Amino acid sequence: WTGRPIWTLISATLIPYNGQQAICVAAIDISEQKRVEIELQRQTQLLRKLIDGIPDIVALQKPDHTILFYNQAGYTYLGRPPAEVDGRKCFTLIGQDQPCPDCAPHQALLSGRMEIVEKYLPASQRWLEVRAIPVPDETGRITLVIEILRDITEAKTSALRQIEAHRNLAEVNRQLEAAIAQARELARAAEAANQVKSRFLANISHEI
């Protein structure tokens, strides 16, 4: 005896025997199959805990955009429990009636490789970096898409502020260059006026 539990599948069937009803009992050792199932459940639970520990939003969806599940960050971001999310189309969860025009999963389905897009959500005023990874089956047909969404609002806002600051600085420089050019033009005009004045005074002196 190995000390490990033994799992047995027992079936009982009534059968006629010598003019009477007899019970036929069959027992099958399914210990190895059961151990495989238990190990698979353990690994699945471990994988789910790892996914839930990821701060980015992770979603598994079908090619038709039906959500199979999110990690905990996804449900927290949406502010909804799994019962109100799983089985719905992803775009309906952000208040739309059709897929986004820049849909990363759709692009991944077309290209067959990972696609990355940046998306702005007006409803929440947030920027997301979306990575879509196609998952093919054994025949090569894409049956699932892993979607990873990272909130890049702070980085995007900072970059936009820098662009705006550079734009403002460029405008200030343009105005400064225009003012300098105008000052130079006024200086040339003043110099020309002084020369005219000098010639006029010289002529008057000569006449006198």
Side-chain angles (χ1 to χ4, degrees), residues 4-9 28-160 163:
R4 295 186 299 180
I6 298 176
W7 294 84
T8 305
L9 178 63
I28 302 174
D29 186 350
I30 59 170
S31 300
E32 186 60 29
Q33 177 184 344
K34 202 66 179 178
R35 281 192 288 271
V36 171
E37 291 178 0
I38 293 173
E39 178 61 21
L40 181 60
Q41 290 176 358
R42 189 188 69 82
Q43 292 183 7
T44 301
Q45 292 173 356
L46 177 60
L47 179 60
R48 188 56 190 263
K49 288 182 179 180
L50 290 173
I51 294 175
D52 282 339
I54 298 175
D56 295 336
I57 299 171
V58 180
L60 184 64
Q61 62 178 260
K62 296 180 180 179
D64 65 354
H65 305 288
T66 299
I67 295 295
L68 296 177
F69 72 85
Y70 276 102
N71 65 342
Q72 187 57 50
Y75 297 120
T76 300
Y77 184 87
L78 293 170
R80 300 180 183 181
E84 297 181 6
V85 174
D86 298 352
R88 295 183 57 184
K89 307 291 186 182
C90 61
F91 52 85
T92 64
L93 298 172
I94 56 175
Q96 299 181 180
D97 56 3
Q98 57 185 354
C100 303
D102 54 349
C103 178
H106 179 67
Q107 294 182 17
L109 288 170
L110 293 177
S111 67
R113 61 176 183 272
M114 182 176 70
E115 296 289 346
I116 304 175
V117 301
E118 290 184 359
K119 181 184 300 184
Y120 179 69
L121 303 180
S124 59
Q125 297 184 342
R126 309 297 292 178
W127 282 92
L128 297 177
E129 178 191 79
V130 184
R131 294 172 181 261
I133 305 168
V135 181
D137 61 12
E138 62 277 3
T139 66
R141 185 171 64 92
I142 298 174
T143 57
L144 296 171
V145 178
I146 299 172
E147 191 175 25
I148 304 173
L149 303 94
R150 174 170 296 179
D151 192 324
I152 58 170
T153 303
E154 292 186 7
K156 195 71 176 180
T157 301
S158 177
L160 291 175
I163 293 174

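Residue indices begin at 1 and follow the sequence shown. Bear in mind that the values here come from a model prediction, so they are computed numbers and not experimental data. Because only heavy atoms are used, hydrogens play no part in the values below, and waters and symmetry mates are left out as well, while side chains stay in.
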Notebook entry, point to check: Going through the checks in order, is the side-chain contact (heavy atoms from CB on, under 4.5 Å) test met by I28 and T8?
Noted result: CA-CA 5 Å; I28 302 174; T8 305; 5.8 Å; no
Can a side-chain donor-acceptor contact be found between Q43 and E39 if the only test is distance below 3.5 angstrom?
yes
| Has the side chain of T66 got a donor or acceptor atom that lies under 3.5 Å from a matching backbone atom of K62? | no
Rounding to 0.5 Å, atoms CD1 (I54) and CZ (R150) come to a distance of 10.0 Å
Check: Given R88 and R80, is the side-chain contact (heavy atoms from CB on, under 4.5 Å) satisfied, shown in steps?
Finding: CA-CA 12 Å; R88 295 183 57 184; R80 300 180 183 181; 2.8 Å; yes
Taken to the nearest 0.5 Å, the spacing of W127 CH2 from L149 CG works out to 14.5 Å
When you look at D102 and K119, which way does the side-chain contact (heavy atoms from CB on, under 4.5 Å) test go after all the steps?
-> CA-CA 8 Å; D102 54 349; K119 181 184 300 184; 4.1 Å; yes
**Study point:** Stepwise side-chain contact (heavy atoms from CB on, under 4.5 Å) check, Y70 with L78
**Key:** CA-CA 10 Å; Y70 276 102; L78 293 170; 3.8 Å; yes
OH (Y77) and CD (Q72) are apart, to the nearest 0.5 Å, by 15.5 Å
**Message:** Working note: Y75 + D86, criterion side-chain hydrogen bond (donor to acceptor under 3.5 Å, both in side chains); need CA distance, chi angles, decisive distance, verdict.
**Reply:** CA-CA 10 Å; Y75 297 120; D86 298 352; 2.7 Å; yes
Of all heavy-atom pairs linking S31 and W7, the shortest is OG-N, 2.7 Å
Nearest heavy-atom approach of T153 to Q125 is CG2-O, 4.2 Å
Sorted by chain and number, sequence neighbours left out, side-chain hydrogen bond (donor to acceptor under 3.5 Å, both in side chains) with N71 holds for none
### Query
Does the side chain of V130 reach to within under 4.5 Å of the side chain of I148, using non-hydrogen atoms?
no
Rounding to 0.5 Å, atoms SG (C103) and CG (L109) come to a distance of 8.0 Å
Taken to the nearest 0.5 Å, the spacing of E147 CD from D56 CG works out to 12.0 Å
The salt bridge (Lys or Arg N to Asp or Glu O under 4.0 Å) partners of E84 (sequence neighbours excluded) come to none
Applying side-chain hydrogen bond (donor to acceptor under 3.5 Å, both in side chains) to T157 and not counting sequence neighbours gives none
(request) Output yes when E129 and R131 qualify as a salt bridge under the 4.0 Å nitrogen-oxygen rule, no when they do not. (result) yes
Could you go through residues 132-145 and list every donor-acceptor pair under 3.5 Å that involves a side-chain atom there, pairing it with any protein atom two or more places apart or in another chain?
unit_1	atom_1	unit_2	atom_2	d
D137	OD1	T139	N	3.0
D137	OD1	T139	OG1	2.7
D137	OD1	G140	N	3.1
D137	OD1	R141	N	2.9
D137	OD2	T139	OG1	3.3

Those residues at least two apart in sequence (or on a different chain) that pass ring pair (Phe, Tyr, Trp, His ring centres under 6.0 Å) with F69 are none
For residues 91-98, dump all side-chain donor-acceptor pairs below 3.5 Å to protein atoms at least two apart in sequence or in another chain.
unit_1	atom_1	unit_2	atom_2	d
T92	OG1	K89	O	2.6
Q96	NE2	Q98	O	3.3

Rounded to the nearest 0.5 angstrom, the NZ-CG distance for K156 and D151 is 12.5 Å
Can Q107 and S111 be counted as having a side-chain donor-acceptor contact under 3.5 angstrom? no
Would you call the rings of H65 and H106 parallel, tilted or perpendicular, taking 30° and 60° as the class edges?
tilted
